[in-house]
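Report on the structure given below.
All values derive from a computational prediction rather than experimental measurement. In the text below, chain A, chain B and the rest are named by the order of the sequence lines, each starting its count at 1.
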Protein chains: 2
Amino acid sequence: MRYTYDYPHPAVTVDVAVFTIEDGELAVLLIRRAAEPFAGRWALPGGFVEIRESLRRAAWRELHEETGIRAGFLEQLAAFGRPDRDPRERVISVAYYALVPRERLSIRAASDAADARLFRLADLPELAFDHTKILRRARERLREKGDDAHIAMQLMASSFTLSELHRAQELICGRPFDKRNFRKRILATDLVEPTGEKRRAGQHRPAALYRARHARDVPYRSRI
Amino acid sequence: MRYTYDYPHPAVTVDVAVFTIEDGELAVLLIRRAAEPFAGRWALPGGFVEIRESLRRAAWRELHEETGIRAGFLEQLAAFGRPDRDPRERVISVAYYALVPRERLSIRAASDAADARLFRLADLPELAFDHTKILRRARERLREKGDDAHIAMQLMASSFTLSELHRAQELICGRPFDKRNFRKRILATDLVEPTGEKRRAGQHRPAALYRARHARDVPYRSRI
DNA sequence: GCAAAAGTGTTTGAGGTACACCCATGC
DNA sequence: GCATGGGTGTACCTCAAACACTTTTGC
């Protein structure tokens, strides 16, 4: 009981929805809460914003703690602030969402988490707080922005096939894209370039590999 | 010095960018700050979020206090939280933007404001805090969403001419629209319906009046 | 009668959509 | 040789963009 103010202050947290593709499906990283409230429940990774830390940096820190990720797509979603969303005290949460290639994720349960793992979006458990709502909104935002192939690019490993990018875009937008039209469209941009390598996998023709042509963070400047 | 916490809490405010059209130009409502910091400077209307009040409700309250508006388009923009944005203490601001028909605005300087008035966007004073940045982002968002005619509709009085709507859309998007294509497009939707009335103004042909066909708030559900 | 905004259709081009078959590999 | 995903081109259609003149009023 050390910090005192003339009028009541809410606590401020950030929560981050980390999306990736695992086993060909969209998935999100959840942590199992170690402490009350909602101990044992799954939740978005997040935590309190430190007093001298920007919102974006707090989100970045949470992302880093749970995944080891140090860079990538991280964008503010919205602030969530219903007075009753946390039973302890008034807590306002600024939600972020991140897109991360699966290969770059090294999932670790940080100190405040009993466990951490990926869940397919089709297969979510009941979440703590209003995190189901936050996640639904993040998914919505992703769908809105997903027509832009830059978004799907964020989920690609350092080299990838056009089929993988195609699949990512379908997952994000939640609808099928014609294969030929998709490839035509992507190749018409300067989003990707062939590495010259091919990947052999399974009993079929090897796929040409591509890499992102521009720095990963060019198309979307950070928000805040 | 009455409210104490185990760890430091930021203060949380809402700021609202209220856009309207005045004299055929996009304008935003600013208040002149009565108190320090930035006393005498122009700023977005805003204030602290009360401890039991939702963010949206706080924004709505600020809007109402400065304009008398009780309903209309009000949407969350983003949270701004750089640690140094307020010289007093750590303050995180959740910014909203509102679109309001000029006729419904009754501007009043609320208790914390020395003055309040509309400024054309082309003609802004230097603003307090990071409000210039917030306003720039609100403007950007408006431009992004402005292709959708629902947005321009929010700036229309209860009855309006297609020329007025046309002008509003041009202002929001910052580029010209072909008159015939615009009218064709609007009339192809069920966004507006003729009132049957005409408005005589100036020495030219009277314009047919239209009204919004759906409830004003249908197309955009509130965010949070 | 003239100034000033309201109102009205058609043509053209670009881009998105639909669609089916051969290719290279592993087993 | 067959199963599996990789890779390729064309025709059509829809929608957005360009474009100019007549109408109705006030003065």
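Residues B/Leu29 and B/Val16 form no side-chain contact, since every pair of their non-hydrogen atoms from C-beta on lies 4.5 Å or further apart. Between A/Phe129 and A/Ile134 the shortest side-chain heavy-atom distance does not fall below 4.5 Å. A/Glu126 has its side chain out of reach of A/His131: every pair of non-hydrogen atoms, C-beta onward, lies at least 4.5 Å apart. Between A/Val192 and A/Phe160 the shortest side-chain heavy-atom distance falls below 4.5 Å.
With C/dG7, C/dC19, C/dA24 as the candidates, the nucleotide lying closest to the side chain of A/Pro206 is C/dA24.
Regarding B/Tyr210, its OH atom lies at a distance of 12 Å from the P atom of C/dA6, rounded to whole Å. Atom pair A/Arg175:CZ and C/dG16:C1' shows a separation of 11 Å (rounding to whole Å applied). One atom, CG of B/Leu209, and another, P of C/dA6, lie 11 Å apart when rounded to the nearest Å. As a whole-Å value, the separation of A/Gln169 CD from C/dG16 C1' is 14 Å. One can place CZ of B/Arg205 at 10 Å from P of C/dA6, the figure rounded to the nearest angstrom. Here C/dA3 presents its P atom at 24 Å from CZ of B/Arg200, a figure rounded to the nearest Å. For the pair B/Ile186 CD1 and C/dG7 P, the computed distance is 14 Å after rounding to whole Å. Between A/Lys198 atom NZ and C/dT25 atom P the separation is 8 Å, expressed in whole Å.
With sequence neighbours excluded, the residues forming a side-chain contact (heavy atoms from CB on, under 4.5 Å) with A/Ala114 are A/Arg32, A/Ala34, listed by chain and number.
OP1 or OP2 of C/dA5 has not a single side-chain nitrogen or oxygen of B/Ser163 nearer than 4.0 Å.
Nucleic acid contact class of A/Ala208 (heavy atoms, under 4.0 Å, all strands): sugar-phosphate only.
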Donor-acceptor pairs are to be reported for all side-chain atoms of residues 169-179 of chain B against protein atoms at under 3.5 Å, with residues two or more places apart or in another chain.
| from | atom 1 | to | atom 2 | distance (Å) |
| --- | --- | --- | --- | --- |
| B/Gln169 | NE2 | B/Gly146 | O | 2.7 |
| B/Gln169 | NE2 | B/Asp147 | O | 3.3 |
| B/Glu170 | OE2 | B/His166 | NE2 | 3.2 |
| B/Glu170 | OE2 | B/Phe177 | N | 2.8 |
| B/Arg175 | NH2 | B/Asp147 | OD1 | 2.6 |
| B/Asp178 | OD2 | B/Arg180 | N | 3.1 |
| B/Asp178 | OD2 | B/Asn181 | N | 2.9 |
| B/Asp178 | OD2 | B/Asn181 | ND2 | 3.4 |

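Both A/Lys184 and B/Lys179 lie near DNA chain C, and the one whose nearest nucleotide falls closer to the 5' end is B/Lys179. Between B/Arg185 and B/Asp178, the residue anchored nearer the 5' end of DNA chain D, judged by the nucleotide with its closest heavy atom, is B/Arg185.
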Practice task
Run the numbers on B/Arg136 and B/Glu140 for salt bridge (charged side-chain N to carboxylate O under 4.0 Å, His left out), then give the verdict.
Solution key: CA-CA 6 Å; B/Arg136 202 161 39 220; B/Glu140 216 172 273; over 6 Å; no
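The base of C/dA20 is paired with the side chain of A/Arg180 by a donor and an acceptor separated by under 3.5 Å.
Put simply, chain B comes within 4.0 Å of DNA chain D, heavy atom to any atom, from D/dA17 to D/dC27, going 5' to 3'.
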